Trainee: 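Submitted below is the structure of interest, expressed as structure tokens.
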Amino acid sequence: PETAWKDDEPLEDDALDDGRTAEADEDFPASEKPRPAIFLFPSGKRAGIAWHNFFEKLDFQTPPADLPVQIGNVLAQNSLLGGNPAQREEKLSAFCDMVSGVLQVPLDEQGRICLKDVPRSDCLPELRFTYTLPHGLDSDKFSADLRSAGVQMPADWSRFYPPGCNLTGAIDLLFRHDGKFHILDWK
């Protein structure tokens, strides 16, 4: 059967990923306030892959004192620390703060689900899937339904997938908490 998604398609920001940090422009002028250190990291595909790889391999129950060494290794392996020693420390600290926040933030309205409480044995990172669309998919109808629910969709998004077509991809993280399964997408 035909495949609806191919993982060799270029990402939207591939052409923009040159390792630089985002510059101010007329839509987002430079601010007089100093930007948080997390913005010292370059944007784009390489940085996104580094974040995904880090969280894919991280044991969420790692003691906080052990995180800086793991984080430093990942940042160095992905050439995201740079050569300036002061900036290296600032970046490492910012990344540690970000990771700590991600692990501690409640993922549900009741505040009961935090990643720091999910053991590695209850996690399936990068879970590949193939889903057969028995009735196909008419993106015009699908996007109209999404728009009516308040979801913003690109105006030119129009595709048709015939019945029997396969939709393939990867779920960033499937994890179990209190006997229920949850899907998480790193953004």
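From a predicted model like this one, the values you see are computed outputs, not experimental measurements.
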Trainee: Please evaluate residues Trp51 and Phe95 with respect to the criterion ring-ring contact (aromatic ring centres under 6.0 Å, His included), reporting the C-alpha separation (whole Å), side-chain torsions for both, the decisive distance (0.1 Å), and the verdict.
Mentor: CA-CA 10 Å; Trp51 280 97; Phe95 202 101; 4.0 Å; yes

Trainee: Applying side chain to side chain contact (heavy atoms under 4.5 Å, CB included), run through Cys114 and Asp117 and close with a yes or a no.
Mentor: CA-CA 6 Å; Cys114 294; Asp117 300 322; 3.7 Å; yes

Trainee: Under 30°, 30 to 60°, or over 60°: which ring-plane class applies to Phe55 and Phe60, parallel, tilted or perpendicular?
Mentor: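 Answer is tilted, since the angle falls between 30° and 60°.
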
Trainee: Restricting to non-hydrogen atoms, name the atom on Cys96 and the atom on Pro68 that form the minimum distance, rounded to 0.1 Å.
Mentor: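 Distance-wise, the nearest heavy atoms are SG-CA, 3.7 Å.
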
Trainee: CZ/Arg176 to SG/Cys123 distance, rounded to the nearest 0.5 angstrom?
Mentor: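 Here the interatomic distance stands at 9.5 Å.
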
Trainee: Checking side chain to side chain contact (heavy atoms under 4.5 Å, CB included) for the pair Gln70/Thr62: CA distance, chi angles, key distance, verdict?
Mentor: CA-CA 10 Å; Gln70 288 184 29; Thr62 298; 3.5 Å; yes

Trainee: Taking atom OH of Tyr131 as the centre, does the number of heavy atoms from other residues, nucleotides or ligands within less than 6.0 Å exceed 12?
Mentor: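 No.
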
Trainee: Starting from the C-alpha separation in whole Å, work towards a yes-or-no answer on side-chain hydrogen bond (donor to acceptor under 3.5 Å, both in side chains) for Asn166 and Thr130.
Mentor: CA-CA 6 Å; Asn166 288 329; Thr130 299; over 6 Å; no

Trainee: How long is the gap from NE2 on His182 to CD1 on Ile113, to the nearest 0.5 Å?
Mentor: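 CD1 of Ile113 is found 3.5 Å from NE2 of His182.
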
Trainee: Would you find a donor on one side and an acceptor on the other, under 3.5 Å apart, between the side chain of Asp172 and the backbone of Leu184?
Mentor: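 Answer holds: no.
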
Trainee: Any heavy-atom pair between the side chains of Gln61 and Pro119 that's under 4.5 Å?
Mentor: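 Yes - at least one pair of side-chain heavy atoms lies under 4.5 Å apart.
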
Trainee: Which value, rounded to the nearest 0.5 Å, describes the distance between Leu173 atom CG and Leu115 atom CG?
Mentor: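 The distance works out to 7.0 Å.
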
Trainee: Kindly compute the distance separating CG (Asp138) from OH (Tyr161), expressed to the nearest 0.5 Å.
Mentor: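 Spacing of CG (Asp138) from OH (Tyr161) equals 11.0 Å.
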
Trainee: Does the side chain of Phe181 come within less than 4.5 Å of Leu174's, by heavy atoms?
Mentor: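 Answer yes - side chains close enough.
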
Trainee: So Ile183 and Phe175, side chain to side chain contact (heavy atoms under 4.5 Å, CB included) or not? Walk me through it.
Mentor: CA-CA 7 Å; Ile183 295 174; Phe175 69 94; over 6 Å; no

Trainee: What's the verdict on side-chain hydrogen bond (donor to acceptor under 3.5 Å, both in side chains) for Ser93 and Glu89, showing C-alpha distance, side-chain angles and the deciding distance?
Mentor: CA-CA 6 Å; Ser93 176; Glu89 285 304 313; over 6 Å; no

Trainee: Are Leu67 and Val69 linked, directly or through other ILVMFWY residues, by side chains that come within less than 4.5 angstrom of each other?
Mentor: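 Per the 4.5 Å side-chain linkage, Leu67 and Val69 are not co-clustered.
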
Trainee: Say you draw a straight line from CG of Asn53 to CD of Glu126; how long is it, rounded to the nearest 0.5 Å?
Mentor: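 With rounding to 0.5 Å, CG (Asn53) is 8.0 Å from CD (Glu126).
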
Trainee: Please examine the side chains of Ile171 and Phe129, heavy atoms only from C-beta on, and report whether any two atoms are closer than 4.5 Å.
Mentor: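 Yes, side chains in contact.
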
Trainee: What distance do Arg120 atom CZ and Lys57 atom NZ have between them, rounded to the nearest 0.5 Å?
Mentor: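 Atom-to-atom, Arg120:CZ and Lys57:NZ are 9.0 Å apart.
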
